[in-house]
Number of protein chains: 2
Amino acid sequence: MKASIERKPLRPASTQALVGREPAPESEPMFDLIELFFFAYRDFVGDADRLLENYQFGRAHHRVLHFVYRRPGLAIAALLDILKITKQSLNRVLKQLLDAGFVEAREGATDRRQRLLFPTAKGARLAQELATLQSERFRRVFGELPPEARETTVDFLLAMVNAPDREKVRAHLPPRRRRRQHTEDDAA
Amino acid sequence: MKASIERKPLRPASTQALVGREPAPESEPMFDLIELFFFAYRDFVGDADRLLENYQFGRAHHRVLHFVYRRPGLAIAALLDILKITKQSLNRVLKQLLDAGFVEAREGATDRRQRLLFPTAKGARLAQELATLQSERFRRVFGELPPEARETTVDFLLAMVNAPDREKVRAHLPPRRRRRQHTEDDAA
DNA sequence: ACTTATACGTCAGCTATATTGACATATTTC
DNA sequence: GAAATATGTCAATATAGCTGACGTATAAGT
């Protein structure tokens, strides 16, 4: 044994915190939401992770395949912008997906420098399988919650996205059934 | 240029998808939610990431510090169970937090094998700063949504957590104000 | 008291995902 | 023709995780 993690000085110690917890004003950090978001996301991606193992793929592959499936004909630059990673990072993962025949690249019709990405039949199948698996969790969840919950959740998640990307994301959402809501602009 | 990513065979290609999109039955994958969850979480953790850079810490440090702050007196095994990582993975990160004086370990009072973790004053400050930053995003979001949205969101996120952990997580939530809701059991 | 189980730490080596920086090549645009 | 753009690639590095094996202190079971 050596450095910092050791059994030596250590005051006897009680279970009491070093930091007291106050009654909590309204501007307090929202620890509950922070933790819930962490746990929820951890378990959400965990579903897919297990399935991906059968293909020797990781989360990075999943993300690429997902967006290629959802936005067929996506160019590299657009994909990089979505994933917010560098092209070098993308390259390894994309190459594996291409080699394994889950994605294919075609020369851009108007701009021949571009390499447009499409899922193959095999890739589409896996993308669907993954999405179905993750959707099962959503379906269970919304089955347990009141019917408005789904719409509220979409609103919540969308609002969580940074403004610059929000509209791009909204554009890929399914059209929304105009519903009676809380909005004041109903009168307009 | 070499392997898979090349400019050679490639049929001319149109922008059209290989995979058709059907009118969508009710059992369709919920792509909208899947993507929204991804984007929302990506931007949510991005806030903290930027702050962490000033300390030469990463997300892993953030998670450890957060849970040590929230559950002062946490034992190693309990922390591992929360994070779902191995002790070897935790070790490097925890050692750095101990060495840098953000967390301290004390010998367990009843079981002296245990090493109970506490935030130092400095660690508590950083944990609060990070939580405050992330809470600002939540506060903006719920400011834009109807008042019930927060409660619905908590319900949604909690339901997303795997059942085995759900109760443990709920136990750390602030007590909930009994509110008039949609529930049918009101009559009871 | 002896044995076994538990809680933790550590060494070594490995993988996946990401980064920065520099440079190459094809194609489009000005 | 020159410059900008879209992409690929090489090399080095960082972070966060993993498995496997082993060590040590303490607690619990018999």
Task: With A:R137 via side chain to side chain donor-acceptor pair (under 3.5 Å) - residues at least two apart - done: A:D47, B:N162
Task: Nearest-0.5 Å distance, OG1 of residue A:T153 to CD of residue A:E148 - done: 10.5 Å
Open item on the list: For A:I82 versus B:R42, what's the shortest heavy-atom pair and its separation?
Closed with: O-NH1, 2.6 Å
Task: d(CG, A:L94; C1', D:dG8) in whole Å - done: 11 Å
Open item on the list: So B:I34 and A:L130, do their side chains get closer than 4.5 Å, heavy atoms only?
Closed with: no
Task: A:L52 CG - C:dA16 C1' separation (whole Å) - done: 12 Å
Open item on the list: If you compare all heavy atoms of A:T120 against all heavy atoms of A:G101, which two are closest, and at what distance to 0.1 Å?
Closed with: OG1-O, 2.7 Å
- [ ] Please evaluate the base of D:dG20 for a donor-acceptor partner in the side chain of B:Q88 within a cut-off of under 3.5 Å?
- [x] yes
- [ ] For the residue pair B:Q96 and B:H61, confirm or rule out a side-chain donor-acceptor distance under 3.5 Å.
- [x] yes
Open item on the list: Using every non-hydrogen atom in the two residues, find where B:R170 and B:L158 come nearest and quote the distance to one decimal.
Closed with: NH1-CD2, 3.3 Å
Task: Strand-adjacent residues in residues 35-43 of chain A, judged by heavy atoms under 4.0 Å from DNA chain D - done: none
TODO: Please name all residues satisfying side chain to side chain donor-acceptor pair (under 3.5 Å) with A:R92, sequence neighbours left out, ordered by chain then number.
DONE: none
Open item on the list: Using whole Å, what does the distance between atom P of nucleotide C:dT6 and atom CG of B:L116 come to?
Closed with: 19 Å
Task: Atom-pair distance (CG on A:L117; P on D:dA6), nearest Å - done: 15 Å
Open item on the list: Quick check: closest heavy atoms across B:A159 and A:V141, and the distance to 0.1 Å?
Closed with: O-CG2, 3.4 Å
Task: Spacing between B:K95 atom NZ and C:dC11 atom P, to the nearest angstrom - done: 6 Å
TODO: Would you please confirm or rule out a distance under 4.0 Å between OP1 or OP2 of D:dG8 and any side-chain N or O of A:R115?
DONE: yes
Extract from the structure each pairing of a protein N or O with an N or O of nucleotides 15-17 of chain D at less than 3.5 Å, listing the distance.
{"unit_1": "D:dA16", "atom_1": "OP1", "unit_2": "B:R59", "atom_2": "N", "d": "2.9"}
{"unit_1": "D:dA16", "atom_1": "OP1", "unit_2": "B:A60", "atom_2": "N", "d": "3.3"}
{"unit_1": "D:dG17", "atom_1": "OP1", "unit_2": "B:R63", "atom_2": "NH2", "d": "2.5"}

Task: Minimum heavy-atom distance A:P29-B:A131, with the two atoms named - done: CB-CB, 3.6 Å
Strictly under 3.5 Å: I want the nitrogen or oxygen pairs between protein and nucleotides 2-5 of chain D, one per line.
{"unit_1": "D:dT5", "atom_1": "O2", "unit_2": "A:R113", "atom_2": "NH1", "d": "2.4"}

Task: A:L97 CG - C:dA16 P separation (whole Å) - done: 13 Å
Open item on the list: What is the distance, to the nearest angstrom, from the CG atom on A:D49 to the C1' atom on C:dT15?
Closed with: 14 Å
TODO: Indicate yes or no: at least one non-hydrogen side-chain atom of B:L97 is less than 4.5 angstrom from one of B:F57.
DONE: yes
Task: Any A:K87 side-chain nitrogen or oxygen under 4.0 Å from OP1 or OP2 of C:dT19 - done: no
- [ ] Return each pair, listed once, that meets ring-ring contact (aromatic ring centres under 6.0 Å, His included) where at least one residue sits in residues 125-146 of chain B; pairs must be two or more places apart or across chains.
- [x] A:F156-B:F142, B:F44-B:F138
Task: Residue mapping more 5' on DNA chain C - nearest nucleotide basis, B:A75 or A:L90 - done: B:A75
Task: Separation of C:dG13 P from B:N91 CG (nearest whole Å) - done: 18 Å
